[in-house]
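Right, one structure below, let's go through it.
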Amino acid sequence: MEEKLLKIKEDLKQALNKASKEADVLNIKSEYVGKKSEIQNILASLKDMSSDDKRKYGSLINNTKKELEKLINKKIEDLENQVNITFDDTINYDVKHGSLHPVTIVAKEVTDILKRMGFTIVNGPEMESEYYNFEALNIPKDHPARDMQDTYYLDNGMLLRTQTSDNQIHAMEKYGAPLRICAPGRTFRNEDLDANHENTFFQIEGMVIDKGVSIENLMYVMQSVLSEVFKSEIKVRLRPGFFPFTEPSYEMDISCVICGGNGCPTCKNAGWIELIGCGMVHPNVLRAGGIDPEVYTGFAFGIGLTRLAMMKYKINDIRFLNSGDIRYLENFDIK
Ligand code: FA5
């Protein structure tokens, strides 16, 4: 009897090992523990056994049946837990692939141009101290210029930088003079949003410090960058500006590509879009960076990369660029 019961158990184990679907296991279940199964017959035969045999085999047969049921239930559970992923590679599907964001493209273009001119690319922190974002740039506390660049002040005493100009100080401290760096990055301002103002946008900073650096050098770099990025005739105008960290300061505007300079909602009917702030580095800023203004001069510029992308790809509202709306961004599937 013991051998017979053992054999039933072994046979069941083998059958279960081969089963790969729940339906197979259910068939095995009915074969091994169903009404017409061998164990059921053995159980039925108990009543005809002598009382000695009944005592001897009764609990053994019952326990075997319980074991068989346990093995079967365990197999069903295992199959349920098993995740079967199958790929049908015959299905015809629409292949969608990603592409670079327009701001990423112009950032790469500008940095490539500047790299060829000998600029080193550096990276500054987006969470910045008041010192690097304002004070060292000749904007003391309570200076009205802080109103032009309101930002998000953090609980830890830091702020989200309003401009990539913080890199000017970091770079002077780190590398000293002579210096030729550019620093693309994200900037933040507490700003009223409109078609050409975002609260989160990108700029690229440039700074050159050497002996005898002049405004002509600055203009040459700006012209080279813009003519290479646009690769076609564009109208640019230079006008006096004000930045506490440059003297003299200039702003460079581009004729609005959306309306051809005639005036539209994108340029708020001005016909021009402000693109670049630049100028000769203020002596106080050189001093803050540990450089002697009696020996060295420098120029610096900050190009609005997000606006540059707008103008290059004729995007009439800056807010699309941060929207993450794939349907819109798909239109700029440019490599
Ligand atoms: C500055 O941020 C200066 N740091 C630029 C500079 C650097 C001057 C070095 C002198 C020397 P401004 O606030 O004008 O300047 O911003 C520079 C450019 O960033 C603008 O011309 C514009 O293209 C872009 N910009 C500014 N504010 C926004 C905004 N809210 N949304 C999108 N682009 C903006």
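Nothing fancy with the numbering, it's 1 onward along the sequence. Remember, it's 1-based here, ligands and their atoms both numbered in the order they're listed.
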Indicate whether any N or O donor in one side chain lies under 3.5 Å from an N or O acceptor in the other, for Glu205 and Gln168.
yes
I'd like to know if the side chain of Arg307 reaches the main chain of Asn196, judged simply by a donor and an acceptor atom lying under 3.5 Å from each other, with no hydrogens or angles considered.
yes
Grab the two heavy atoms, one from Gln163 and one from Leu137, that are nearest each other, plus how far apart they are.
NE2-CD1, 3.7 Å
Give a yes or no answer on whether the side chain of Asn316 reaches the backbone of Thr266 with a donor-acceptor pair at less than 3.5 Å.
no
Any N or O of Thr162 closer than 3.5 Å to N or O of ligand 1:
no
One finds that the ligand 1 atoms under 4.0 Å from a non-hydrogen atom of Ile276 are 21 (O)
Are the charged groups of Arg239 and Glu274 less than 4.0 angstrom apart, N to O?
yes
Contact with ligand 1 for Thr246, non-hydrogen, under 4.0 angstrom
yes
Where does His197 meet ligand 1, judged by heavy-atom distances below 4.0 Å: at the side chain, the backbone, both, or neither?
both
Any heavy atom of Gln168 under 4.0 Å from ligand 1? The part involved is side chain
Ranking Gly277, Gly241, Gly298 by closest non-hydrogen atom to atom 6 (C) of ligand 1, top hit is Gly277
Looking only at side chains, do Thr162 and Asn133 share a donor and an acceptor under 3.5 Å apart?
yes
Of all the heavy atoms in Gln149, does at least one lie under 4.0 Å from an atom in ligand 1?
yes
Counting only heavy atoms, tell me which of Arg189, Glu251, Glu274, Arg161 gets closest to atom 1 (C) of ligand 1.
Arg189
Just to be sure I read this right, does ligand 1 sit under 4.0 Å from the backbone of Leu275, its side chain, both, or neither, counting only heavy atoms?
backbone
Nearest non-hydrogen contact with atom 11 (C) of ligand 1 belongs to which option: Pro244, Ser249, Ala300?
Ala300
Could you see which bit of Phe245 sits under 4.0 Å from ligand 1, with heavy atoms only: side chain, backbone, both or neither?
side chain
Applying the side chain to side chain donor-acceptor pair (under 3.5 Å) criterion to Asp11, which one of Lys9, Lys7, Lys13 satisfies it?
Lys7
Using a 4.0 Å heavy-atom cut-off, which part of Asn196 comes near ligand 1: side chain, backbone, both, or neither?
backbone
Salt-bridge contact Arg146-Asp150 (side-chain N to carboxylate O under 4.0 Å):
no
Does an N or O anywhere in Glu205 fall below 3.5 Å from an N or O of ligand 1?
no
